[in-house]
Amino acid sequence: MSIDVRGVNKTYGDFVALDDINVSIPTGQLTALLGPSGGGKSTLLRIIAGLETADSGSVVIEGTDATTLPPQKRNVGFVFQHYAVFKHMTVAKNVAFGLEIRKRPKAEIREKVDELLQLVHLSQFSERMPSQLSGGQRQRLALARALAVEPTVLLLDEPFGALDAKVRKELRDWLRRLHDEVHVTTVFVTHDQEEAMEVSDEIVVINEGRVEQIGSPDELYDTPANPFVMGFLGEVTELDGSALRPHDVEISVEPGLGGIPGRVTRLLRVGFEVRVTVEADGGGEVLVVLTRTHARALDLAEGRRVWLAPATGATTVRAGVVAAV
Ligand code: ADP
Ligand code: MG
């Protein structure tokens, strides 16, 4: 384990920001701390970095008890949402900075800077000032700078949060590829479930100061531990008193196969999928998501009578209890 957080508590006045947090972050993986805003993700990351002190509990980094170590002794790299680069230094100088204050030999610094700028695809901008870069390029620079001193762990707090959707998505793919190349243990804070699902090996879901669940993206999506995780990681609809994923609702146009009867009230095509709203005879709207091919084969149309049932293997939540059908 690269980072071991044990029994960490943190309060601000009488507000409980973290409540008995226990998390183990494996070496070399990309782990996301995912949850709604105000849940305690940044507080936990800052405690790992040493920028904040826990009221109780311990933080062990690569086998060393770091609980009382200052940030500069923890060998962590940190990148925040807002550009953490030096505005008065060129791109190359920004990356070299940490190595220069460590008094590394000049040739070594030059080589390392070249290598890192290549890694983050900024080689041709090495002599530019940060103000001459786009937002996405500046965050890549911040990452290169954080990596320069070869941290044991890289801590990223919503590093792409201030960028527009398209650039975010590009940087997300880029971060994944970067991680596959350098394998530095990385903890990545995000409130965006799609971002967490796409980028990480493992996700720690944090809500109201507590860990709700830890697992791979698939595990969390397919077998959520509770209704909160289920709702936070993907879309949920309700069928006959149970909550389930809209693509786990089976739709049939034949009577006689059973299921909840209803009528299609809306069909919406979004890319390759079709989102069907069904008004159940007993009341209540159910959302069903299926592929275009499937919708076409069923000849679905507004007004059509249909019968709905949970698909085999669907995860459902009834009265707060998660089960598989
Ligand atoms: P997240 O990163 O998940 O959005 P934070 O860790 O930043 O959440 O904050 C968790 C909670 O702790 C929030 O309600 C926030 O207002 C509170 N909090 C964080 N830092 C402080 C502080 N220095 N003083 C008082 N409250 C704080
Ligand atoms: Mg935060």
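Just so you know, ligand 1 is whichever comes first in the structure, and atom 1 is the first atom listed for that ligand.
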One finds that the ligand 1 atoms under 4.0 Å from a non-hydrogen atom of Gly39 are 1 (P), 3 (O), 8 (O)
Between Arg6 and Ser58, a side-chain donor and acceptor under 3.5 Å
no
Nearest-contact summary for atom 19 (C) of ligand 1 - protein heavy atom, Å:
Tyr12 CE1, 3.4 Å
Can you name the atoms of ligand 1, numbered from 1 with element, that are less than 4.0 Å from a heavy atom of Ser37?
4 (O)
What's the shortest distance from atom 12 (O) of ligand 1 to any protein heavy atom, and which residue and atom give it?
Phe15 CE2, 3.4 Å
Check whether NZ of the Lys or CZ of the Arg Arg172 lies under 6.0 Å from the centre of the six-membered ring of Phe188 and within 45 degrees of that ring's axis.
no
Give the atom numbers and elements of ligand 1 that come within less than 4.0 Å of a heavy atom of Ser42.
1 (P), 2 (O), 6 (O), 7 (O)
Any salt bridge linking Arg102 with Glu150? Criterion: basic side-chain nitrogen under 4.0 Å from a carboxylate oxygen.
no
Heavy-atom nearest neighbour in the protein, as seen from atom 5 (P) of ligand 1, with distance rounded to 0.1 Å:
Thr43 OG1, 3.6 Å
I'd like to know if the Mg ion (ligand 2) has an N/O/S atom from Ser42 within less than 2.8 Å of it, counting both backbone and side-chain atoms.
yes
Main-chain N/O of Asp299 paired to Arg304 side chain as donor or acceptor, under 3.5 Å
yes
Any luck finding a side-chain donor-acceptor pair between Thr190 and Asp192 under 3.5 Å?
no
Which ligand 1 atoms, with their elements, are less than 4.0 angstrom from a heavy-atom of Ala17?
12 (O)
Would you say atom 21 (C) of ligand 1 has a protein heavy atom nearer than 4.0 Å?
yes
Regarding Asn226 and Glu212, is there a side-chain donor-to-acceptor distance under 3.5 Å anywhere?
yes
Compute whether any side-chain donor of one residue and acceptor of the other, for Asp248 and Thr315, lie under 3.5 angstrom apart.
no
Protein non-hydrogen atom below 4.0 angstrom of atom 7 (O) of ligand 1 present
yes
Work out whether the distance between some heavy atom of Gly35 and some atom of ligand 1 is less than 4.0 Å.
no
Of the protein's non-hydrogen atoms, which lies at the shortest distance from atom 13 (C) of ligand 1, and what is that distance?
Gly38 O, 3.8 Å
Between Ser216 and Glu202, is there a side-chain donor-acceptor contact under 3.5 Å, judged purely by atom types and distance?
no
